[in-house]
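The sequence lines fix the lettering, A, B, ..., with proteins before strands; numbering per chain opens at 1.
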2 protein chains.
Amino acid sequence: MSDTHTGVTVPVPVPADADCPIREVLDIVGDKWSVLIVVLLGQSTYRFTELNRAIEGISQRMLTRTLRILVRDGLVTRTPHATVPPRVDYALTDLGRTLLEPLTALNTWAGAHRDDIAAARRRHDTAEEAAAQ
Amino acid sequence: MSDTHTGVTVPVPVPADADCPIREVLDIVGDKWSVLIVVLLGQSTYRFTELNRAIEGISQRMLTRTLRILVRDGLVTRTPHATVPPRVDYALTDLGRTLLEPLTALNTWAGAHRDDIAAARRRHDTAEEAAAQ
DNA sequence: CAGAATCCTTTCTGATACTG
DNA sequence: CAGTATCAGAAAGGATTCTG
């Protein structure tokens, strides 16, 4: 493969799903709720209903589903207690905690640049509006 | 709001979309292609067709669409050249480049823990299979 | 070449009702 | 309480065709 603007030959930079680490993270982190849950569990253990209340807008169905995936991926533990009424605690695993750091970096970035992004959008939208006239 | 297992009152940790930085990043980064494009453009400028070829599996439609959003968010520049045949170069803005660092952190994490995740999945799936018997 | 437009399929998500 | 099951709507994504 030849790179038109540099003349340099480059390898395929983003291979198909299986063997691309970037796509793997996205599979874990790229959905609507996983990150939110991981960040919350980074603060303390939560039980099902607590998570449901803490994450505004999540449905019971999606919470169940997402937790399952996180447990399967080894990021979260699920520990049921044989009490009445039943109680299930969710917490991060050691692996899950290692994810906290890069996520925090992303979160920090968002906080630092949200204004820039908002400004860029305004610029873009008004410029586009002007072009439409 | 009272935290059942600690007895401590906590604020709502994950507010609705508008004012939550985490959700904002996810809006940018949480889709199937944006990160891939940003990472590629972190290496050099690309033109449309180059991106299309470099990102295995992306459709023309999705590439166009995603690039538009990235441009609107001020992360990517689009510079058309009035040549025949036409040519459009895409590159990161300064803002876009700042995103590279947290993304790299995430990528590094993925590389470092992909085996752990794969192992967790195997454990989980075989345990589940055993339970099904 | 770099898209735009259209159509169609798949996936995701929320609402609702039910259960151990 | 902590889910499961079912259904319907929304959204995302892909394939194809067409154009400046």
Would you kindly give the [atom1]-to-[atom2] distance between [X] and [N], to the nearest whole Å?
X        : N       : atom1 : atom2 : answer
Arg53(A) : dC1(D)  : CZ    : P     : 7 Å
Arg78(A) : dT4(D)  : CZ    : P     : 8 Å
Met62(A) : dT6(D)  : CE    : C1'   : 13 Å
Asp27(A) : dT11(C) : CG    : C1'   : 13 Å
Arg65(A) : dG3(D)  : CZ    : P     : 15 Å
His81(A) : dC1(D)  : NE2   : P     : 15 Å
Arg61(A) : dG3(D)  : CZ    : P     : 15 Å
Leu67(A) : dG3(D)  : CG    : P     : 8 Å

[N] phosphate, OP1 or OP2: any side-chain N/O from [X] under 4.0 angstrom?
X        : N       : result
Lys32(B) : dT11(C) : no
Arg68(B) : dA2(C)  : no
Tyr90(A) : dG3(D)  : yes

Flag side-chain contact, heavy atom, 4.5 Å: [X] against [Y]:
X        : Y        : value
Asp94(B) : Arg97(B) : yes
Leu95(A) : Asp73(A) : no
Val35(A) : Ile28(A) : no

| remark: Residue pairs meeting side chain to side chain donor-acceptor pair (under 3.5 Å), one or both in residues 58-72 of chain A, sequence neighbours left out, come to Arg72(A)-Asp125(B)
| What pairs with Trp109(A) under ring pair (Phe, Tyr, Trp, His ring centres under 6.0 Å), at least two apart in sequence or on another chain? | His113(A)
Nearest-nucleotide pick for [X], side chain only, options being [options]:
X        : options                  : answer
Val88(A) : dG3(D), dT6(D), dT17(D)  : dG3(D)
Gln60(B) : dA4(C), dG14(C), dT4(D)  : dA4(C)
Thr49(B) : dG14(D), dG14(C), dC1(C) : dC1(C)
Thr64(B) : dA4(C), dG3(D), dA2(D)   : dA4(C)
Pro86(B) : dT4(D), dG14(C), dC1(C)  : dC1(C)

| field | Nearest-nucleotide comparison on DNA chain C, the residue closer to the 5′ end among Asp31(A) and Phe48(B) | value | Phe48(B)
